Number of protein chains: 2
Amino acid sequence: MRRPTKSTAAAEAPRDFDGLRGLVLARAGDLPKKLAQVAAFALEHPDEVAFGTAASVAASAKAQPSTMVRLAQALGYSGYSDLQAVFRDRLREKVPGYADRLAALHAGKAAETGALLSAFAGAAIRSAQSLRERIDLAQLATAATVLTGARTLYLAGQRRSFPAVAYLSYVLAKLAVPHHLLASPAGIDAETLTLAGPEDALLAISFAPYAPGTLASVRVAHERGIPVVAITDSPFSPLVPSAAAWLEVIEADVEGFRTPSATFALAMTLAVSVAERRRVPLNRRRDR
Amino acid sequence: MRRPTKSTAAAEAPRDFDGLRGLVLARAGDLPKKLAQVAAFALEHPDEVAFGTAASVAASAKAQPSTMVRLAQALGYSGYSDLQAVFRDRLREKVPGYADRLAALHAGKAAETGALLSAFAGAAIRSAQSLRERIDLAQLATAATVLTGARTLYLAGQRRSFPAVAYLSYVLAKLAVPHHLLASPAGIDAETLTLAGPEDALLAISFAPYAPGTLASVRVAHERGIPVVAITDSPFSPLVPSAAAWLEVIEADVEGFRTPSATFALAMTLAVSVAERRRVPLNRRRDR
DNA sequence: GGCGTAATGGAATATATGTTCCACCAAGGG
DNA sequence: CCCTTGGTGGAACATATATTCCATTACGCC
């Protein structure tokens, strides 16, 4: 009956989620590597632990079912089910409620910042919902086809739209899709576009007030016969007349500040869609 | 092969809780007595159904496990687990019903891209909701205070996090908040940080696998006594030990691809909060 | 640098859970 | 009054799931 693995581990096993989180953080150091890893995963995916089986969450966390049991026991629980109960209770008891927590903190500057965060999160949710409901599926399909057929993608976006194209560039690089980001500090984007031709494509993102650089890129591309896919905020946007396909995105705002959540979701959709379609492209393109 | 119990029961089985409730109410009349009783119990104790076993809820409802299965099948489900899934989904997503739409979209090839978009929009929504529910308000308040007190803000973020700091830089510029974006193409970010001191602050954003450049900036700042505010994805992030305040952000993913919606919402919150607090700062700072 | 300890992966095992089957009961019709 | 039909309870079954065990690997210490 010798089990002095961790002589300190005795009367532990918190019954609520916050307590569990605290325990994991406290013992993060002396916990074995793999156990710490799955513990972190569990804290990040509580819903999965609540509903899944030991095997399923172990697979998600790239571990073995036995590791889940070991973790539970190392934390002082009798087994995996015992640990899981904490995650289930967390869902059952109505989440403390953001409003309550706000009130709990003394109404002061903390509450202001919290309210602001809630507002921005809400704006992101509304933007994404609106995108899903109002997107033009035909234009979306056309846009994906145009971009898939392109030899090289050119990405244009400045100011508010720059983060979106920057992220696109990062993702496309990981997906091994050839592309150029038109963001030269030397101001030679127009010259870069002279390398492009009708077998390429330009993806331009711009919202009112439309950045001159992006507009110029779109104009040049249109003149040179390079197909343009536009993500913009209105049918009357100056990008639309030059675009082979255009997609409307309306971002909700908080006190006039916008968060580009919907734009990112749309951009990611195009990137992943294009990358997936390119995987089996050559034999199908022969019919041209 | 005679199973005409209810000839009407064929293509039913709603996938969302509201639909299930409607079906039960509609068929309350022609449902056998015990089945109706159990159905009513289930609607009144959805959490118990979500987490319990067929046997446990049967006991609570004063019935037999077999009755639970019969109820599920009478309503058009394949079995108890199938019915239970509806109750679980209800807890999982506060916005029910988009799983249906996603499944509906899956029919048809042109709709593939639409399904992807729906998935990314859903990920954005889940991320934002999770942010709102799980943010540590105390840390958020500390972070805002630290950043507000800083003379100059330094922003660090690479790869996936770069778009977020780029957007922050754009917004802070519009808000007239002095700041430096550590994104030098010449690789002199460390040197730039030598200009900073304890009266400044560094806002670092980094997610696993943590970009070395960001980690280096955080380390340098910590050594020089520059307060660090970190936005990262885990309590075990290497940024945390060096941070005066740290905020956890978990982005939902689609096939492994993430959209930084929650990160943006959080970043915007900090930016706007800092800018607003700075508007009335001078008279209060005199006490130094 | 070899030895001993802890940690991990994988398969075997025991338990728990959903499902099916059969016997009994209740109600309605010949 | 008996027979038929649908409903219910309970137990047997098959599957899924948590748990345990053992061999192998990584790690620290002498």
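Below, read A as the first sequence line, B as the second, and so on, with proteins coming before strands; counting in each chain starts at 1. These numbers come from a predicted model, not from an experiment. FYI, side chains are in, hydrogens and waters are out, and symmetry mates aren't considered; it's all heavy atoms of this structure.
Contact between the side-chain N/O atoms of A/Q64 and the OP1/OP2 oxygens of C/dT8 is not found at any separation under 4.0 Å. Between B/K33 and D/dG6, a side-chain N or O to OP1/OP2 separation shorter than 4.0 Å is absent.
Of the listed nucleotides (D/dT19, C/dT19, C/dT8), C/dT19 has the atom at the smallest distance from the side chain of B/P65. Of all nucleotides listed (C/dT8, D/dT19, C/dT19), D/dT19 comes nearest to the side chain of A/V69. Of the candidate nucleotides D/dT8, D/dT19, C/dT8, D/dT8 has the atom nearest to the side chain of B/P32. When distances are taken from the side chain of B/S66 to each of C/dC21, D/dT19, D/dT20, the shortest belongs to C/dC21. For B/K34, whose side chain is taken as the heavy atoms from C-beta onward, the closest listed nucleotide among D/dT8, C/dG9, C/dT19 is D/dT8. The side chain of B/Q73 lies closest to C/dT20 when the candidates are D/dA18, C/dT19, C/dT20.
Per the geometry, CE belonging to B/M68 stands 13 Å off C1' belonging to C/dT17, to the nearest Å. To the nearest angstrom, P of D/dA16 lies 21 Å from CZ of A/F51. Rounded to whole Å, the distance from CG on A/D82 to C1' on D/dA18 is 13 Å. Nucleotide D/dG9 holds its P atom 8 Å from the CZ atom of B/R70, rounded to whole Å. Rounded to whole Å, atom C1' of D/dG9 lies 13 Å from atom CD of B/Q37. For B/Y80 and C/dT17, the OH to P distance is 11 Å, given to the nearest whole Å. Rounding to whole angstrom units, CG of residue B/L83 and P of C/dG18 are separated by 11 Å. Computed from coordinates, the B/K62 NZ to D/dG10 P distance equals 14 Å when rounded to whole Å.
No side-chain heavy atom of B/Q139 sits under 4.5 Å from any side-chain heavy atom of B/E248.
Relative ring orientation between B/F51 and A/F51 is described as parallel, the plane-to-plane angle staying below 30° on a 0-90° scale split at 30° and 60°.
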> Checking ring-ring contact (aromatic ring centres under 6.0 Å, His included) for the pair B/F162/A/Y170: CA distance, chi angles, key distance, verdict?
Replying inline: CA-CA 9 Å; B/F162 174 71; A/Y170 166 70; over 10 Å; no
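Looking at B/R126 and B/D253, no side-chain N of the basic residue comes within less than 4.0 Å of a carboxylate O on the acidic one, giving no salt bridge.
In the interface, the side chain of B/T67 is not paired with the base of D/dG9 through any donor and acceptor atom under 3.5 Å apart.
Within 6.0 Å of CZ on A/R21 lie more than 12 heavy atoms contributed by other residues, nucleotides or ligands.
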